[in-house]
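Beneath this line is the structure, given in structure tokens, with notes to follow.
Keep in mind it's a predicted model, so treat the numbers as computed, not measured. Every chain is numbered from 1, with letters handed out A, B, ... down the list of sequences.
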Number of protein chains: 2
Amino acid sequence: MAGEVRAQGAVKSGQLDFPRPLTTVDVVIFSILDDKLQVLLVQRPAGEGEPFPLSLALPGGFVDIARDRDLAACAARKLKEKTGVTSPYLEQLGSWGSASRDPRGWSATHAYFALILADASTLTSDARWLPIRDGKLREKLAFDHGEILASAIQRLRNKVEYTSLPAYLMPAEFTLPDLQRVYEIVLDRPLEKSAFRTRILSADMIEPVAKMRRGPNRPAQLYRLKKNSEPVYFVRTFNPPE
Amino acid sequence: MAGEVRAQGAVKSGQLDFPRPLTTVDVVIFSILDDKLQVLLVQRPAGEGEPFPLSLALPGGFVDIARDRDLAACAARKLKEKTGVTSPYLEQLGSWGSASRDPRGWSATHAYFALILADASTLTSDARWLPIRDGKLREKLAFDHGEILASAIQRLRNKVEYTSLPAYLMPAEFTLPDLQRVYEIVLDRPLEKSAFRTRILSADMIEPVAKMRRGPNRPAQLYRLKKNSEPVYFVRTFNPPE
DNA sequence: ATAGTTAGTTGTACAGTCCAACTTACTTAG
DNA sequence: CTAAGTAAGTTGGACTGTACAACTAACTAT
């Protein structure tokens with residue numbers, strides 16, 4: 001058994017004579033759709049020897065050392081392949097590696113998480129959006145992807161508490177109530193309107209455009225992200241989340 | 001060239017017919033020594049075909065799929081091997097993978113960072129502590145370990161701003177001024193005594209022991225960490241660090 | 001005109017940091 | 001025995017930003 005595993009690894013100089021784990025990259029892609037936080041998932045293929053056939057899984061796959069210069073490029077490629085989106089917010093989430101997470105052998109995955117505007121994406125046929133409800137996905141996922149997703153949700157919620165990350169989920173032009181709504185969707189609790197406005201407006205991250213959003217009631221000022229585009233870190237969270 | 005690389009990878013079913021990157025784990029081990037933040041580094045071996053011979057590097061090495069159940073276990077093992085410490089604060093930092101970071105081929109490392117009490121450790125002969133000055137290490141490191149270390153320092157400073165992480169750098173019993181000093185060493189700036197005390201004491205993370213630290217002036221109350229031992233997250237940072 | 005709805009503002013309360021002065025408890029020098 | 005020195009720990013006022021709630025503003029629909 002150990003011999004078989006070893007046969008897949010390197011055998012060259014003494015140094016590299018180590019069986020190598022499988023190396024993959026997976027991407028947790030979030031968007032706001034239908035007023036809900038949703039995550040992009042794909043269906044596993046059904047082929048011979050495929051683990052978790054037809055299960056839902058995070059988009060991802062093996063690192064292609066001929067094509068991928070580095071891990072981030074690999075993650076960006078996978079995001080692009082599934083959604084067509086090229087310039088999202090993309091951050092490394094962490095890595096998961098163990099003997100047991102993939103039936104094909106010791107494997108390690110490098111997980112990324114992305115925030116994109118769903119409207120700007122054109123999905124491949126095997127991909128679909130699934131809503132996060134009560135901070136969880138209802139469906140079971142292949143591998144340890146459920147754990148990875150849970151970790152991504154936690155990280156997202158955490159950071160939304162004290163950063164401007166939701167800005168990356170917004171269209172080019174948006175109103176402050178729009179943005180607040182996205183914060184509230186992610187955090188799943190209401191925020192104070194006046195404190196929210198103070199925080200965002202004093203952060204120097206958005207600028208008004210010379211237009212108003214008109215609707216059945218009072219028009220709202222439209223804003224856009226300032227050029228710099230780095231996320232802003234606030235020095236306080238909102239309500240002490242207990 | 002691609003053929004040679006490919007020869008090191010898996011060749012079995014179609015799925016696994018991917019050349020596999022080298023997989024390593026590296027650990028950034030911090031401690032407070034001599035009133036400075038220090039990091040544990042090792043000297044690279046000088047053998048035939050060794051990359052960066054005799055350079056300083058982070059402790060780490062290949063994942064041993066026969067011994068390491070998962071990545072965290074591998075990191076804990078490497079920490080144990082170098083320092084003898086078994087129950088530190090150990091958190092994943094991220095992963096770095098690219099075609100160019102290791103001359104031996106496409107490689108990915110899973111980086112961890114640990115906070116330990118240096119006094120409790122017994123180093124191996126190739127390991128030594130080096131001080132962080134002005135938030136940087138003066139020495140150049142092998143591979144991309146300089147970048148990984150910089151990232152670890154940034155993460156540590158960031159988290160120290162709003163968590164109780166420095167508690168893991170303290171001996172079993174310590175005073176509040178001791179703890180404040182460690183915060184100040186890591187952040188490299190003075191903190192307000194009264195605000196510091198208010199924050200720590202209201203966090204329910206330490207409890208007084210029935211002893212005082214005696215010295216040439218007013219004795220100070222000794223405390224110890226409460227049992228739960230999870231790090232505490234505060235809802236504000238200290239001074240807006242600009 | 002009036003009611004309804006959402007955008008946006010205002011004012012008071014409160015929490016926690018910032019800053020600085022203060023009190024307390026000890027040691028050491030005279 | 002007292003005085004000076006020092007670090008521990010406390011206190012109070014200024015300031016910042018959120019919490020809460022009431023308010024005004026701008027529009028649509030009836």
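Relative ring orientation between A:Tyr183 and A:Phe238 is described as perpendicular, the plane-to-plane angle rising above 60° on a 0-90° scale split at 30° and 60°.
Note: CZ (B:Phe234) to C1' (D:dT18) measures 19 Å, nearest angstrom. Taking atom CZ of residue B:Arg214 and atom P of nucleotide D:dA8, one finds them 14 Å apart after rounding to whole Å. B:Phe174 has its CZ atom 16 Å from the C1' atom of D:dA8, to the nearest Å. Here the C1' atom of nucleotide C:dA15 and the CZ atom of A:Arg236 are 7 Å apart, to the nearest Å. In this structure, CD1 of B:Ile206 is placed 13 Å from C1' of D:dG9, rounded to the nearest angstrom. Atom CG in B:Leu179 sits roughly 12 Å away from atom P in D:dG9 (whole-Å rounding). Atoms CD (A:Gln180) and C1' (D:dA19) sit 13 Å apart, rounded to a whole Å. Look at CD on A:Glu192: it is 17 Å from P on C:dA13, rounded to the nearest Å.
Residues meeting the salt bridge (Lys or Arg N to Asp or Glu O under 4.0 Å) test with A:Lys193, sequence neighbours left out: none. Scanning for ring-ring contact (aromatic ring centres under 6.0 Å, His included) contacts around A:Tyr233 gives an empty result, with sequence neighbours left out.
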Verdict with reasoning, B:Tyr223 to B:Gln221, per side chain to side chain donor-acceptor pair (under 3.5 Å) = CA-CA 7 Å; B:Tyr223 294 87; B:Gln221 179 64 53; 5.7 Å; no

request  = Quick one, give me the B/S/- string for nucleotides 1-10 of chain C, reading 5' to 3', where B means a protein heavy atom under 4.0 Å from the base and S means that only happens at the primed atoms, P, OP1 or OP2.
outcome  = ---BBBBBBB

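A:Glu184 and A:Arg189 are not joined by a salt bridge, as no carboxylate oxygen comes within less than 4.0 angstrom of a charged side-chain nitrogen.
Under 4.0 angstrom from either OP1 or OP2 of D:dT18 there lies at least one side-chain N or O belonging to A:Arg199.
Residues B:Met170 and B:Val182 approach most closely at SD-CG2, 3.5 Å, considering heavy atoms.
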